[in-house]
Amino acid sequence: MLKIGITGNIGSGKTTVSKVFEVLGIPVFYADDAAKRVMVEDAILMDGIKATFGRESYFNDGTLNRKFIASIVFNDEEQLAKLNSLVHPAVFRAFDEWAAQVKNAPYIMKEAALLFESDSYKMCDRSIIVTAPLELRIKRVMQRDGFTREEILSRDARQFSEEKKIELADFVIRNDDTELVIPQILALHERFLSFVNGH
Ligand code: ATP
């Protein structure tokens, strides 16, 4: 099955674009949602987190002690990298399980904010980056989440730059209000379909 990874920096519109692919009948796996789910569902990951950060990582009822984990990884690159090295393989496992259940789709997609940072793109056949200028992304996220400019900038700084992602990606969708987005999506969809059909 052809696997397409789709990413983009904060506020680029990768989720919005992925929803359009879903409308076209393409199943999309949302890795960032899955990352939250596996924290309380994947036994290997949960054991790994407890062994690395301590039993206090989870409450007795099995729910995640988010404050405790956040206090450990906040502003500590090394601890954050440790957490990611546990979470990413669990998300890969969840994706493989999900992909095995998908039937009758010409291709599937994986939407992930950290597609390139997590090496997840290496497990995809092709990759797309959704781009938009920083100021527009800031405006969108301020409207959507009510975050401050500083919060958005600090989140953006934790991701690879757009330039670097454009270099790594196979395709670019510009979601910057200068070019219509739907035709760009349809063109890529057609391209993937003909790829699958061997043309
Ligand atoms: P994040 O990484 O923060 O989750 P994202 O890349 O998934 O962001 P979206 O959630 O798809 O981005 O879009 C960010 C916000 O901008 C949303 O509120 C969305 O509705 C809006 N948005 C996205 N694209 C457009 C567009 N072309 N025109 C107007 N609003 C848009």
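Just so you know, ligand 1 is whichever comes first in the structure, and atom 1 is the first atom listed for that ligand. Scope of the values below: all heavy atoms of this structure, side chains included, with no hydrogens, waters or symmetry mates.
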Can you check whether [X] reaches [Y] side chain to side chain, under 4.5 Å on heavy atoms?
X    : Y    : value
K110 : S120 : yes
K19  : V23  : no
Y107 : F21  : yes

To which protein heavy atom is [atom] closest, and what is the distance rounded to 0.1 Å?
atom                    : value
atom 20 (O) of ligand 1 : T16 OG1, 4.1 Å
atom 15 (C) of ligand 1 : R140 CB, 3.8 Å
atom 14 (C) of ligand 1 : R144 NH1, 3.7 Å
atom 12 (O) of ligand 1 : G13 N, 3.1 Å
atom 7 (O) of ligand 1  : T15 OG1, 2.6 Å

Ring pair (Phe, Tyr, Trp, His ring centres under 6.0 Å) between F95 and H88, worked out: CA-CA 10 Å; F95 175 72; H88 291 155; over 10 Å; no
Would you check if there is a donor-acceptor pair between the side chains of E111 and T15 at a distance under 3.5 Å?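 T15 vs E111: donor-acceptor pair found between side chains.
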Min heavy-atom dist [X] to ligand 1 below 4.0 Å:
X    : value
D32  : no
G8   : no
A113 : no

State whether the shortest distance between N or O atoms of N175 and N or O atoms of ligand 1 falls below 3.5 angstrom.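 Right, the criterion is met.
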Any nitrogen or oxygen of I10, main chain or side chain, under 3.5 Å from a nitrogen or oxygen of ligand 1?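 By distance alone, the answer is no.
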When you look at CG of D61, are more than 12 heavy atoms from neighbouring residues, nucleotides or ligands closer to it than 6.0 Å?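 Buried by this count: over 12 neighbours within 6.0 Å.
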What part of K14, side chain from CB on, backbone N/CA/C/O, both or neither, has a heavy atom under 4.0 Å from ligand 1?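 Both parts.
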Over-ring placement of R191 relative to F171, 6.0 Å and 45° cut-offs: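 So R191 doesn't make the cation-pi contact.
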Identified side-chain contact (heavy atoms from CB on, under 4.5 Å) counterpart of V17 within the set I128, I185, V28: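 That would be I185; it is the only one of I128, I185, V28 passing the side-chain contact (heavy atoms from CB on, under 4.5 Å) with V17.
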Please check if a non-hydrogen protein atom sits closer than 4.0 Å to atom 29 (C) of ligand 1.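 No.
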Taking the six-membered ring for Trp, are F116 and F160 ring centroids under 6.0 Å apart?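 Between F116 and F160, the centre distance exceeds or equals 6.0 Å.
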Distance filter under 4.0 Å to N9 heavy atoms, resulting ligand 1 atoms: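 Under 4.0 Å from N9, ligand 1 has these atoms: 6 (O).
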